[in-house]
Amino acid sequence: MSDIYENIMELARRRGFIWPASECYGSVAGFIDYGPLGSMMKRRIEDTWREFYVVNEGYYEIECPTIGQEDIFIASGHLKGFSDLMCQCPHCNEYLRADHIAEGGGVKNASSLGCADLAREIRTLPCPACGEVLGDVEVFSFNLMFQTSIGPGSQRKGYLRPETAQGMFTDFQRLLRFYRDSLPFGAVQIGKSYRNEISPRQGMIRLREFTQAEAEIFVHPARKKHPNFSRYAEYRMPLLGIPQQQGETPAIVITMRDAVDRGLVANEYVAYYLALTHDLLVTVGVNPEKLRFRQHLPDELAHYAEDCWDAEILSERFGWVETVGIADRTDYDLKAHGTQSGERFTVFIPYETPRKERRIRVVANMGALGPRFRGKAKAIADALAEAVPGKDGVTIGIDGEEIFISPDLYQVREEEVDVPGEEVTPHVIEPSYGIDRMIYAVLEHSYAEEMVHDEERTVLRFPPRISPIQVAVFPLMNRDGLPEIAREITTRLKAARIMAEFDDSGAIGRRYRRQDEIGTPFALTVDYETPGSGTVTLRDRDSMQQVRVRTDTLTELIRSLLDGSSSFASLKSA
RNA sequence: GCAUCGAUGGUCUAGUGGCAUGACUUAGGCCUUCCAAGCCUAUAGCCCGGGUUCAAUUCCCGGUCGAUGCACCA
């Protein structure tokens with residue numbers, strides 16, 4: 001079957017958008033190169049992302065190493081949770097999930113067993129692929145993280161990060177100081193992540209090395225109203241929530257205000273980023289008709305998450321592709337790093353007025369305790385501070401030893417103290433974008449083949465802000481001083497930081513087609529009227545219409561067409 | 001990863017145990033006053049490794065990549 005995917009990937013290869021990686025040695029599945037036009041397009045999409053998150057939201061970008069030490073991934077859960085217990089059937093060589101086989105054979109909690117235990121459990125069970133009893137099989141843990149070693153002698157394990165998110169968590173204290181100790185704040189990262197997929201087969205949809213753009217927004221757990229919610233409160237878009245999926249009804253089109261009020265979306269933060277994501281995806285060229293937001297069902301929702309939605313993009317080849325995840329991850333990540341590192345991952349939130357609290361404090365009488373208990377006295381005093389003594393004294397445990405402390409050895413004081421505030425572990429709102437998937441979606445949704453004068457025309461209808469080449473400049477004829485004028489115009493456009501490309505090769509029609517194919521939105525042609533009138537023709541990629549425009553105001557005009565502040569349709573010939 | 005099928009200039013493709021087709025593209029030239037026109041010329045290819053053979057792009061084995069099915073999948 002020759003589908004649109006093959007045509008797009010052929011175009012992408014031929015024109016320098018996407019290539020298989022390291023082809024001269026034979027490529028490896030799950031790795032791609034972005035060619036000259038692909039890199040430029042990717043950068044423009046990333047810059048649009050930055051415009052939304054860094055410039056508008058004010059969440060600054062950071063850049064952390066792609067290799068992390070083991071502790072990070074112990075805390076994040078990737079070392080454990082990102083592993084599959086697998087085995088290979090000795091009869092049919094099929095790779096199988098060992099824990100699934102065990103559970104199928106009635107073993108409870110198989111995934112929590114070790115490799116050796118699991119191998120014992122499944123040796124009497126049949127292989128689900130060939131039916132033979134497995135017998136003597138080795139169970140091994142396959143982790144989706146790439147492992148490496150840091151420094152010589154491989155003393156220290158390192159892992160290539162499976163997501164960029166952890167960097168924002170590990171830098172939490174620094175970020176908190178940077179944002180002057182107050183919530184909410186956020187940080188973002190755009191960069192490579194790595195997952196050693198078992199069989200990455202869907203071209204650039206499932207890569208072993210891919211680019212993520214993630215934001216981690218730290219909010220007060222009890223204050224989940226977005227300060228700028230009004231921006232998207234009336235934004236209306238289709239949501240496929242849990243009720244719609246369970247009732248198998250279509251997505252409901254609803255404003256973000258209503259979605260939060262009705263409890264479909266957990267809070268304003270999540271709703272805000274659902275809308276922002278919709279806005280962003282459409283801005284970079286995703287077809288809104290082929291975009292939906294689907295809520296995670298209770299069984300796919302991580303246990304700690306409060307709410308999670310995927311932006312899914314419809315691809316002719318791959319169906320609905322998860323491209324963005326937007327989750328309220330609560331305090332899970334920060335708590336985990338707090339426990340693992342022993343460092344503080346909380347924010348001190350002062351009360352508006354300090355609260356008076358009555359406290360009962362047990363103060364040891366060291367003058368009496370010291371001589372009697374000697375070395376243990378300090379431990380006993382500490383234990384007393386935590387204890388709740390009865391009338392006749394208290395029994396405390398020190399190193400497993402029960403010790404009775406009579407009331408003459410301590411004092412119980414009741415006092416009133418000022419409590420100025422409390423330590424709070426923020427909740428994390430995480431929008432996470434798969435940039436490569438976005439790029440594929442934009443390519444597929446922009447791609448069109450149409451008949452023009454009985455000839456097929458291939459065109460990428462990119463939004464102008466995404467196009468790698470922004471304007472092409474042609475001399476109509478390759479003589480009579482026309483090329484010189486066209487070159488001079490090209491230079492002027494470039495000086496204004498517009499990506500302009502001069503082309504004088506072949507017939508004019510061919511040159512238009514070349515640019516159509518790579519999505520260049522506009523073309524300027526210097527013709528025989530140019531020297532006399534100071535005008536050139538401006539040709540619009542999508543309509544193929546032309547207008548004459550003045551050359552002296554060209555850079556301003558092109559700039560406004562590119563940033564969307566004016567449109568081709570509104571132009572009148574000069 | 002398993003099974004099946006496939007891999008020929010940049011792209012699409014013909015074909016073969018002995019010199020490897022054609023089209024498009026690209027580059028140079030001629031021509032050309034706005035949408036892949038025409039003419040001339042040039043560049044460029046049998047996925048990788050091993051085996052069989054006088055000789056392998058072709059046959060055999062292994063690998064890589066791709067498609068399909070199975071398995072797996074934040």
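Given the structure is predicted, the values throughout are model-derived calculations rather than measurements.
In this structure, the side chain of E214(A) engages the main chain of T164(A) through a donor-acceptor pair within 3.5 Å. At least one donor-acceptor pair closer than 3.5 Å links the side chain of R548(A) to the backbone N or O of T535(A). At distances below 3.5 Å, not a single donor-acceptor pair connects side-chain atoms of R294(A) with backbone N or O atoms of L240(A).
Between Q295(A) and Q244(A), the side chains place no donor N or O within less than 3.5 Å of an acceptor N or O (distance only, hydrogens not considered). If you check the side chains of R161(A) and Q189(A), you find a donor sitting under 3.5 Å from an acceptor. Y269(A) and D328(A) are not linked by any side-chain donor-acceptor pair at a separation below 3.5 angstrom, with hydrogens and angles left out of the test.
Separating the C1' atom of C48(B) from that of C65(B) is a span of 10 Å, rounded to the nearest Å. For the P atoms, the distance linking A7(B) with U13(B) amounts to 10 Å, nearest Å. Annotation: C39(B) and A56(B) have their P atoms spaced 40 Å apart (nearest Å). Taking atom C1' on both nucleotides, A55(B) is separated from G18(B) by 7 Å, rounded to a whole Å. To the nearest whole angstrom, the two P atoms, one in C12(B) and one in C46(B), are 16 Å apart. Taking the C1' atom of each, A36(B) and U11(B) are spaced 15 Å apart, rounded to whole Å. For the P atom pair drawn from A37(B) and U26(B), the interatomic distance equals 9 Å after rounding to whole Å. Distance noted for atom C1' between C72(B) and G10(B): 36 Å (whole Å).
Close to U26(B), at under 4.0 Å from its OP1 or OP2, lies no side-chain N or O of S505(A). OP1 or OP2 of U33(B) has at least one side-chain nitrogen or oxygen of R479(A) nearer than 4.0 Å.
Residue A29(A) has its side chain nearest to G66(B) when only G66(B), U11(B), U32(B) are considered. Among the nucleotides U33(B), G10(B), C72(B), the one closest to the side chain of R206(A) is C72(B). Which of C72(B), U33(B), C12(B) sits closest to the side chain of E10(A) comes down to C12(B).
Remark: P of C65(B) and CD1 of I32(A) are 15 Å apart, rounded to the nearest angstrom. Rounded to whole Å, atom P of C34(B) lies 12 Å from atom CG of L482(A). As a whole-Å value, the separation of I518(A) CD1 from U11(B) C1' is 16 Å. Atom pair E197(A):CD and G1(B):P shows a separation of 13 Å (rounding to whole Å applied). Rounded to an integer number of Å, the gap from M204(A) CE to A67(B) P is 13 Å. Summarising the geometry, the separation between CD on E23(A) and C1' on G45(B) is reported as 14 Å, rounded to the nearest angstrom. When rounded to the nearest whole Å, the span between CZ of F31(A) and C1' of U64(B) equals 14 Å. In this structure, the CZ atom of R15(A) is 14 Å from the P atom of U11(B), given to the nearest Å.
Judged by Watson-Crick or G-U wobble contacts below 3.5 Å, the nucleotide C12(B) has G22(B) as its partner. Under the Watson-Crick or G-U wobble criterion, with both distances below 3.5 Å, U52(B) has no partner in any strand shown. The partner of C72(B) is absent, by the rule that a Watson-Crick or G-U pair needs both atom distances under 3.5 Å. For C5(B), the paired base is G66(B) (Watson-Crick or G-U wobble, both distances below 3.5 Å). With a cut-off of 3.5 Å on both Watson-Crick or G-U wobble distances, the partner of C46(B) is given as none. The base-pairing partner of G38(B), taking Watson-Crick or G-U wobble contacts with both distances under 3.5 Å, is C30(B). Pairing of G17(B), defined by two Watson-Crick or G-U wobble distances under 3.5 Å, is not identified with any nucleotide.
R541(A) comes within contact range of no nucleotide atom at all, as no heavy-atom separation falls under 4.0 Å. Residue S432(A) is classed as having no contact, given no heavy-atom separation below 4.0 Å to the nucleic acid.
The ring of Y433(A) has its center no closer than 6.0 angstrom to the ring center of F52(A). Side-chain rings of F318(A) and Y5(A) approach one another, their centers coming within less than 6.0 Å.
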> What does nucleotides 35-43 of chain B look like as a protein-contact string, B for base, S for sugar-phosphate only, - for none, at under 4.0 angstrom between heavy atoms?
Replying inline: BBS------
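Mapping R208(A) and D527(A) onto RNA chain B by nearest heavy atom places D527(A) closer to the 5' end of the strand. Between N478(A) and Y5(A), it is N478(A) whose nearest contact on RNA chain B lies nearer the 5' terminus.
Aromatic ring pairs are classed by plane angle as parallel below 30°, tilted from 30° to 60° and perpendicular above 60°; the pair F462(A) and F17(A) is perpendicular. The aromatic rings of H337(A) and F169(A) sit tilted, their planes meeting at an angle between 30° and 60°.
Applying the 90° cutoff around 0 to the glycosidic angle, C19(B) is assigned syn.
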